[in-house]
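All residue numbers in this chain count up from 1 along the given sequence.
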Amino acid sequence: MEKVERNVMEPIGEVPFNKPKLDFAKGLKKLHSGLENFFLKKGYVLLIIGFLLGRALILAKLTPFSLPFFAAVYFIRRDKAPLALVGLMAGAATLSISNAVSAFGITFIFLFAFRVSKKWLHNEIRALPFYVFFTLLGGKLLEAFITKGQLTLYDGMMAGIESGLGFILTLIFLQGLPLLSINKRRQSLKTEEIVCLIIMLASVMTGTIGWTVYDLSVEHIMSRYLVLLFAFVAGATVGSTVGVVTGLIFSLANISSFYHMSLLAFAGLLGGLLKEGRKFGVAFGLLIATLLMGMYGEGSGNLMKTLSETGAAILLFLLTPQALTMKLAKHIPGTPEYAAEQQHYMRKMRDVTAQRVAQFSSVFQALSKSFSSHNEPSEWEEDGDREVDYFLSNVTEKTCQTCFKKDHCWSKNFNTTYDYMMDIMHDVDNNEGALSPKLARDWEKYCTRSKKVTEAVQQELTYFKANQKLKKQVQESRRLVADQLMGVSEVMGDFAKEIQRERENHHKQEEQILEALQEFGIHIEQVEIYSLEQGNVDIDMTIPYCQGHGECEKLIAPMLSDILGETILVNSEECAAFPNGYCHVTFRSAKAFVVETGVAHAAKDGGLVSGDSYSTIELGCGKFAIAISDGMGNGERAHAESQETLQLLQKILQSGIEEQVAIKSVNSVLSLRTTDEIFSTLDLAMIDLQNADAKFLKIGSTPSFVKRGHKVIKIQASNLPMGIIQEFDVDVVSEQLKAGDLLIMMSDGVFEGPKHVENFDLWMKRKVSELKTDDPQEVADLIMEEVIRSRSGNIEDDMTVVVSKVKHNTPKWTSIPVHAIRQKAN
């Protein structure tokens with residue numbers, strides 16, 4: 001009913017305006033589809049091309065086009081070869097009946113020889129030109145012998161020339177015919193394919209020699225139209241190439257039109273240079289070339305005729321639909337349409353890739369939910385009750401099933417018996433296998449097999465505990481896998497979004513920056529802006545060789561800082577290898593804070609290999625990571641354990657996975673890798689370089705300290721060392737750091753190293769607060785020296801101290817105000 005009412009309410013006056021447009025568009029589309037089906041799918045275009053090539057002549061006598069064209073069609077579109085043969089015979093018959101008979105006979109010989117020897121061919125496409133060559137050579141010699149009764153040197157030379165042309169034309173047609181296929185080509189046209197297409201089209205147009213319309217030469221009109229079309233689509237280079245090739249083939253067909261090659265080449269060059277004026281600019285180029293070359297070629301007598309032919313070609317060119325020129329331009333490298341098509345194709349491929357990555361992300365997310373769904377607390381409680389029931393049934397099966405009081409205990413007094421069994425289980429579990437005296441007396445009074453039941457409970461309880469422990473480990477492993485899968489899902493989701501971010505078009509900003517720098521007197525060769533996002537600026541520049549004067553750091557970066565409103569620094573610089581070369585420089589946004597580190601470490605007893613390892617990692621997401629790992633024990637084994645912990649952590653953090661998941665993943669690898677009790681601690685600090693916010697993750701490690709003026713802040717968290725258990729909760733401690741803060745991280749050899757000290761925290765706080773320097777390296781050396789002095793110079797454990805100072809990122813050079821420079825210049 002709703003549809004009927006809506007149709008009734010529509011205004012009647014709109015129908016006559018919209019319907020003709022739709023009908024006209026549908027009609028055009030139907031006509032285009034019908035023409036494409038008739039000429040391309042059914043192959044009637046091959047009939048027309050065959051007709052024109054069948055009557056095409058070279059040097060007014062040779063007809064080398066027929067057999068190469070038929071051979072190419074026979075190889076590429078064998079089902080349409082009869083149409084091509086009919087066209088060739090009809091075209092040859094317009095010259096003479098003898099030419100048609102000769103073309104048919106040579107074609108028959110080729111087919112017979114090719115079909116007979118086909119089974120011995122390994123590569124038909126390579127052998128095809130040779131078949132054409134020898135068939136044409138033998139056929140023309142046989143034709144000359146039949147017509148004259150003898151063979152002369154002239155006949156042999158002409159047969160050799162025609163067969164050689166047939167060999168070359170076969171290769172050209174094999175390249176050119178697929179371009180007329182109905183398949184939509186994705187790849188661009190190669191240079192050879194463009195030249196082959198031009199030669200094939202020019203050869204086809206030679207079949208129009210001698211045709212006139214109102215005393216105007218059809219071949220002249222079509223050749224100039226061809227030059228106009230390619231000059232407009234591909235520019236001066238291809239336009240002049242088309243003019244030279246087309247003019248050369250026409251001059252071979254008719255020596256009197258040799259001057260025509262110069263006209264077409266000059267017209268292609270001028271038209272291509274004037275293509276910015278669109279179709280009228282290209283047409284004007286042809287008109288100028290006609291006026292100049294027409295007067296030199298045949299004098300002013302035929303100038304009006306030549307201009308008329310040019311006018312007809314221009315009229316055909318102006319009537320050419322834009323869809324045809326754009327479709328042709330998409331396949332020719334160097335054209336804007338080709339670039340747009342390639343960009344569209346790359347964007348499509350990028351979107352497909354991003355979609356696939358997003359799909360993988362959703363798969364990992366679904367897997368994570370699947371694993372985490374098995375860890376619901378309600379399911380744990382149900383499983384626990386069920387396990388207790390199984391435990392009691394195993395005990396009763398071994399004891400109560402053969403007892404004569406079974407019915408009395410379990411049928412009449414079920415609740416009492418069940419409560420006793422539960423109490424026995426809890427007592428045996430809590431009292432290391434023994435029952436409390438009161439419960440033992442009550443149980444002996446109640447059960448005739450009390451001792452046997454107690455022993456059975458003790459035995460089954462061992463299996464029950466092992467089973468519970470195993471199930472707990474499975475649940476913890478599932479939770480860890482769920483977290484890891486979720487972390488991978490998040491990383492892949494972020495990667496999919498990153499793929500879809502295009503490089504923005506910053507032409508206007510590039511020109512503004514180039515102009516501002518050049519007004520200051522700095523010569524810039526090229527500016528490429530990849531990102532202008534606040535805090536993530538990315539600019540590449542190409543400048544002449546600066547002779548080591550540091551223009552980029554001293555001048556260009558400060559000017560960019562004023563233009564963009566944030567501090568810009570030189571990220572990388574590749575200087576020219578020779579004085580007249582160019583330097584390539586990358587400018588990036590400066591971080592708000594920088595971290596300066598100092599390290600002091602010593603091995604046990606002054607050895608060369610320490611069980612401690614440390615690492616400072618600057619991650620790509622604007623974060624700075626400081627890590628210390630202490631392997632269990634000393635020596636090479638402990639060093640290898642701690643070093644591998646840090647390497648695993650670094651790889652996972654650089655992939656973009658969140659810190660807690662990264663630490664859990666490393667712990668899982670270490671705990672599952674070996675059964676040896678070799679563990680390692682981890683002390684990790686993640687500092688955000690934009691706001692100095694710090695996160696501390698401590699796994700079995702000692703406290704860290706932050707010195708802020710005279711104040712000392714203790715950072716502490718309690719977690720077991722890595723590798724002991726497969727699953728643990730990582731405690732994250734956050735602290736807002738400030739410029740000038742000293743972050744002091746140390747291994748247990750330093751923290752617990754002072755001798756005759758009861759409270760290590762107070763001792764370390766006092767030593768840190770008494771420091772008179774804020775240099776990170778000096779602080780690390782002083783703390784290490786104090787600890788070793790307290791031990792009278794003895795080093796009883798591996799010791800490592802990492803001191804980091806948070807500072808504002810102050811560039812060496814201040815920004816240069818560009819607007820002041822412009823006002824002074826004006």
Side-chain angles (χ1 to χ4, degrees), residues 593 595-606 610-614 616 624 626-630 634 681-687 692-719 721 731-808:
F593 295 89
V595 178
E596 181 182 349
T597 59
V599 181
H601 57 90
K604 181 180 180 181
D605 298 328
S610 172
D612 297 346
S613 297
Y614 66 91
T616 56
F624 191 84
I626 308 162
I628 298 177
S629 180
D630 182 5
N634 309 99
T681 65
L682 179 65
D683 194 357
L684 174 66
M686 299 284 294
I687 303 175
D693 185 30
K695 292 182 179 180
F696 297 90
L697 297 91
K698 294 181 172 294
I699 314 299
S701 60
T702 58
S704 300
F705 299 90
V706 176
K707 185 177 186 295
R708 182 174 299 158
H710 298 289
K711 183 180 179 182
V712 179
I713 304 171
K714 179 184 175 183
I715 309 295
Q716 187 175 12
S718 57
N719 290 302
D731 292 336
V732 180
V733 179
S734 298
E735 182 68 29
Q736 180 63 53
L737 302 181
K738 297 181 180 180
D741 286 356
L742 284 177
L743 171 60
I744 303 169
M745 301 168 62
M746 62 194 74
S747 63
D748 58 352
V750 176
F751 182 74
E752 302 173 357
K755 192 175 182 181
H756 305 303
V757 174
E758 294 182 1
N759 193 323
F760 297 111
D761 288 349
L762 292 177
W763 185 90
M764 190 60 68
K765 281 186 177 182
R766 180 170 59 84
K767 291 298 180 182
V768 170
S769 62
E770 291 175 353
L771 292 170
K772 302 300 182 183
T773 179
D774 61 352
D775 182 78
Q777 188 59 51
E778 292 180 3
V779 171
D781 293 336
L782 288 172
I783 293 176
M784 181 72 73
E785 184 180 357
E786 286 287 341
V787 174
I788 295 176
R789 279 177 181 273
S790 69
R791 287 278 179 181
S792 302
N794 295 325
I795 304 174
E796 297 186 359
D797 194 5
D798 299 323
M799 295 191 292
T800 301
V801 182
V802 179
V803 181
S804 304
K805 184 178 181 181
V806 180
K807 301 190 300 183
H808 282 300

Nearest heavy-atom neighbours spanning [X] and [Y]:
X: Ala600; Y: Ala780; value: CB-O, 3.6 Å
X: Met784; Y: Ala602; value: CE-N, 4.1 Å
X: Val595; Y: Ile626; value: CG1-CD1, 4.5 Å
X: Met745; Y: Ser704; value: CG-OG, 3.6 Å
X: Gly598; Y: Pro776; value: N-CB, 3.6 Å

Side chains of [X] and [Y]: closer than 4.5 Å at any heavy-atom pair?
X: Arg766; Y: Val712; answer: no
X: Ile783; Y: Phe705; answer: no
X: Arg791; Y: Ile795; answer: no
X: Ile687; Y: Leu743; answer: yes

Hey, what do you get for [atom1] ([X]) to [atom2] ([Y]), rounding to the nearest 0.5 Å?
X: Asn794; Y: Asp605; atom1: CG; atom2: CG; result: 8.0 Å
X: Glu596; Y: Ser804; atom1: CD; atom2: OG; result: 9.5 Å
X: Ser769; Y: His710; atom1: OG; atom2: NE2; result: 9.5 Å
X: Lys772; Y: Glu778; atom1: NZ; atom2: CD; result: 14.0 Å
X: Asp741; Y: Lys711; atom1: CG; atom2: NZ; result: 10.0 Å
X: Leu782; Y: Leu771; atom1: CG; atom2: CG; result: 6.0 Å

Applying side chain to side chain donor-acceptor pair (under 3.5 Å), name anything that partners [X], two or more places apart in sequence or on another chain.
X: Asp761; value: Lys714
X: Lys805; value: Asp774
X: Thr800; value: Asp612

Go through the steps for Leu697 and Leu682 under the test side chain to side chain contact (heavy atoms under 4.5 Å, CB included), then give the verdict.
CA-CA 8 Å; Leu697 297 91; Leu682 179 65; over 6 Å; no
Note: Lys698-Asp683 ion pair, threshold 4.0 Å (strictly below)
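So Lys698 pairs with Asp683 through a salt bridge.
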Using the test side chain to side chain contact (heavy atoms under 4.5 Å, CB included), find all partners of Thr702 that sit at least two apart in sequence or belong to another chain.
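In terms of side chain to side chain contact (heavy atoms under 4.5 Å, CB included), with neighbours along the sequence ignored, Thr702 is linked to Met746, Asp748, Phe751.
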Residues that Glu735 engages under side chain to side chain contact (heavy atoms under 4.5 Å, CB included), provided they are two or more places apart:
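Residues passing side chain to side chain contact (heavy atoms under 4.5 Å, CB included) with Glu735: Phe696, Arg708, Ile713, Ile715, Leu737.
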Near Lys695 NZ, under 6.0 Å, is it more than 12 heavy atoms from other residues, nucleotides or ligands?
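No.
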Side-chain donor or acceptor of Gln777 paired with backbone N/O of Thr597 under 3.5 Å
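Judged by distance alone, no pair lies under 3.5 Å.
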Do any N or O atoms from the side chain of Asp798 and from the backbone of Gly611 form a donor-acceptor pair under 3.5 angstrom?
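A pair under 3.5 Å: yes.
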Show the numbers, then the answer: is there a side chain to side chain contact (heavy atoms under 4.5 Å, CB included) between Val787 and Trp763?
CA-CA 10 Å; Val787 174; Trp763 185 90; 4.1 Å; yes
Assess the side chains of Lys755 and Ser792: does a donor N or O sit below 3.5 Å from an acceptor N or O?
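Checked: Lys755/Ser792 side chains show no N/O donor-acceptor pair below 3.5 Å.
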Residues two or more places apart in sequence or in another chain: which of them pass ring pair (Phe, Tyr, Trp, His ring centres under 6.0 Å) with Phe593?
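Checked Phe593 against ring pair (Phe, Tyr, Trp, His ring centres under 6.0 Å); matches are His808.
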